[in-house]
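The structure appears right after this line, and notes come after that.
Proteins get letters first, then strands, A, B, ... in listed order; numbering begins at 1 in each.
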Amino acid sequence: MPELPEVETIRRDLAARIVGRSIAEVEVPDPAIFTGYKRGSKAPKDISLNGFVRDLKGKTILHVLRFGKYLIFEFKQEGALILHLRMTGQLLVDPEQFKARLRLVLTGAPNLVLVFQDQRRFGEVAYAQNWRLFEPLAKLGPEPLNGGLSPEHLRSKLKFRSASIHSLLLNQRIIAGLGNIYANEALFHSGIRPERCGNSISGKEASALCANIQKVLDQSIASRGYSMSNYVDTFGKRGAMQNHSWVYDWEGDPCRKCKTLIVRRILCGRSVYFCRKCQR
DNA sequence: AGCAGGACCTGATGGC
DNA sequence: TGCCATCAGGTCCTGC
């Protein structure tokens, strides 16, 4: 899953642990981890395994940044490593947790091994001389937690859209960092049904959505993320946000506000959970 | 342009 | 126990 709160939890842990450290060794057990390098296809022209290893070796990590669900290791010398965990990616520093599907291994002397482990192999990494020019980052919408997301922005992005509000909230060009869990939760707290058209959202509802998006993300960061099956932090520890969700994964259970049974439905190929009475 | 649906992968789970 | 179908938190691509 990792959505914004999970990636932010990882970022904070890593920032405390790897800033100022240098990369001594680089192993790439699964080259398909490179952005654009798909299984069965040839590597794109601008990607070479040897070049990648050469780019990273000896670099000192200056900052660990996050934009949406992307993590960025910015180097002191030049360049940056950009990572996306997609559905099942994990970044681990505890060797006890290294199991299978290791895709990238960074070693920093002394006593640091960072592993990108990824069951479904959807995760990706890229090296960029200047991460600010990395296209997927440039396309991201505003960050919900640094004041960049306003009701006016949201309303203007939804105003002429006929797609469901749920799928629009998952659109990273509109808001960076939301995924299915927090989209469902924010819609519940705002009293909005997931299948409502974007253009039906009023100014008042957009304000409520903004506030509730920030609320659920903040709460999840405080809980160190939502652990369903795969997500764990860099030490392999689960988060606790699943204990604080109101609708996500609660199909058939009574709504905590009104006791109406929570409904699950498939919308655009994704599971949505909602309360028929609390959400209109 | 914007939308829905499928593809990308693997492992866990549930039904028979 | 064993096999098969179904499902999963993200994003990109395709065709309409």
Can you name the salt bridge (Lys or Arg N to Asp or Glu O under 4.0 Å) partners of Asp13(A), sequence neighbours left out?
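Salt bridge (Lys or Arg N to Asp or Glu O under 4.0 Å) check on Asp13(A) returns Arg224(A).
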
What residues form a salt bridge (Lys or Arg N to Asp or Glu O under 4.0 Å) with Lys159(A), not counting sequence neighbours?
none

Looking across every strand, which nucleic acid part, if any, lies under 4.0 Å from [X] by heavy atom: base, sugar-phosphate, or nothing?
X: Arg101(A); value: sugar-phosphate
X: Glu3(A); value: sugar-phosphate
X: Tyr231(A); value: base
X: Ser271(A); value: sugar-phosphate
X: Asn230(A); value: base

Carboxylate-amine/guanidinium proximity below 4.0 Å for Lys69(A) and Glu3(A):
no

Could you tell me whether Arg11(A) and Glu8(A) have a side-chain N and a carboxylate O separated by less than 4.0 Å?
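The answer is yes: the pair qualifies as a salt bridge.
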
Starting from [atom2] on [N], measure out to [atom1] on [X] and report it in whole angstrom.
X: Gln117(A); N: dT10(B); atom1: CD; atom2: P; answer: 15 Å
X: Leu85(A); N: dC9(B); atom1: CG; atom2: P; answer: 18 Å
X: Tyr273(A); N: dC7(C); atom1: OH; atom2: C1'; answer: 10 Å
X: Glu124(A); N: dC9(B); atom1: CD; atom2: P; answer: 11 Å
X: Met228(A); N: dA12(B); atom1: CE; atom2: P; answer: 15 Å
X: Phe34(A); N: dC9(B); atom1: CZ; atom2: C1'; answer: 19 Å
X: Asp118(A); N: dA8(C); atom1: CG; atom2: C1'; answer: 13 Å
X: Ile82(A); N: dG10(C); atom1: CD1; atom2: P; answer: 20 Å

Are there more than 12 heavy atoms of other residues, nucleotides or ligands under 6.0 Å from atom CZ of Arg173(A)?
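At most 12 heavy atoms, drawn from other residues, nucleotides or ligands, come within 6.0 Å of this atom.
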
Is there a side-chain polar atom (N or O) of [X] under 4.0 Å from OP1 or OP2 of [N]?
X: Arg121(A); N: dT10(B); answer: yes
X: Gln172(A); N: dT11(C); answer: yes
X: His84(A); N: dT11(C); answer: yes

Going by 5.5 Å between centroids and 30° between planes, is there a stack of Phe122(A) over dT11(C)?
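Stack criterion not met.
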
Keeping the roles fixed (side chain from Arg155(A), backbone from Ile201(A)), state whether a donor-acceptor pair exists under 3.5 Å.
yes

cation_pi(Lys59(A), Tyr127(A)) dist<6.0 Å, angle<=45
no

Name all pairs fulfilling the side-chain hydrogen bond (donor to acceptor under 3.5 Å, both in side chains) condition that reach into residues 267-280 of chain A, sequence neighbours left out, sorted by first residue then second.
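Those involving residues 267-280 of chain A are Arg264(A)-Ser271(A).
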
All side chain to side chain contact (heavy atoms under 4.5 Å, CB included) counterparts of [X], not counting sequence neighbours:
X: Leu261(A); value: Pro254(A)
X: Lys215(A); value: His189(A), Asn212(A)
X: Asn199(A); value: Ser162(A), Cys197(A)
X: Ser156(A); value: none

Candidates dC7(C), dG10(C), dT10(B) - which lies nearest the side chain of Arg264(A)
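Out of dC7(C), dG10(C), dT10(B), the nucleotide with an atom closest to Arg264(A)'s side chain is dC7(C).
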
Can you check the distance between dT14(C) and dC9(B), where both ends of the measurement are the P atom (answer in whole Å)?
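Comparing P positions in dT14(C) and dC9(B) gives a spacing of 15 Å.
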
Any donor-acceptor pair under 3.5 Å joining the side chain of Arg120(A) to the base of dC9(B)?
yes

Could you state the interatomic distance from CG (Leu81(A)) to CD1 (Ile61(A)), rounded to the nearest 0.5 Å?
8.0 Å

On the 0 to 90° scale, with breaks at 30° and 60°, tag the Phe52(A)-Phe34(A) ring pair as parallel, tilted or perpendicular.
perpendicular

Pairs: protein N or O with nucleotides 2-6 of chain B N or O, under 3.5 Å:
residue	atom	partner	partner atom	Å
dC3(B)	OP1	Arg161(A)	NE	3.3
dC3(B)	OP1	Ser162(A)	N	3.0
dC3(B)	OP1	Ala163(A)	N	3.1
dC3(B)	OP2	Arg161(A)	NE	2.9
dC3(B)	OP2	Arg161(A)	NH2	2.4

Quick one: ring pair (Phe, Tyr, Trp, His ring centres under 6.0 Å) partners of Tyr70(A), sequence neighbours excluded?
His84(A)

DNA chain B base-pair string [pairs: Watson-Crick or G-U under 3.5 Å; |: paired with another strand]
.|||||||.|||||||

Would you jot down, in residue-number order, the residues of residues 127-144 of chain A having a non-hydrogen atom under 4.0 Å from DNA chain B?
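Listed by number, there are none.
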
Between the protein and nucleotides 14-16 of chain C, which nitrogen or oxygen pairs come in under 3.5 angstrom?
none

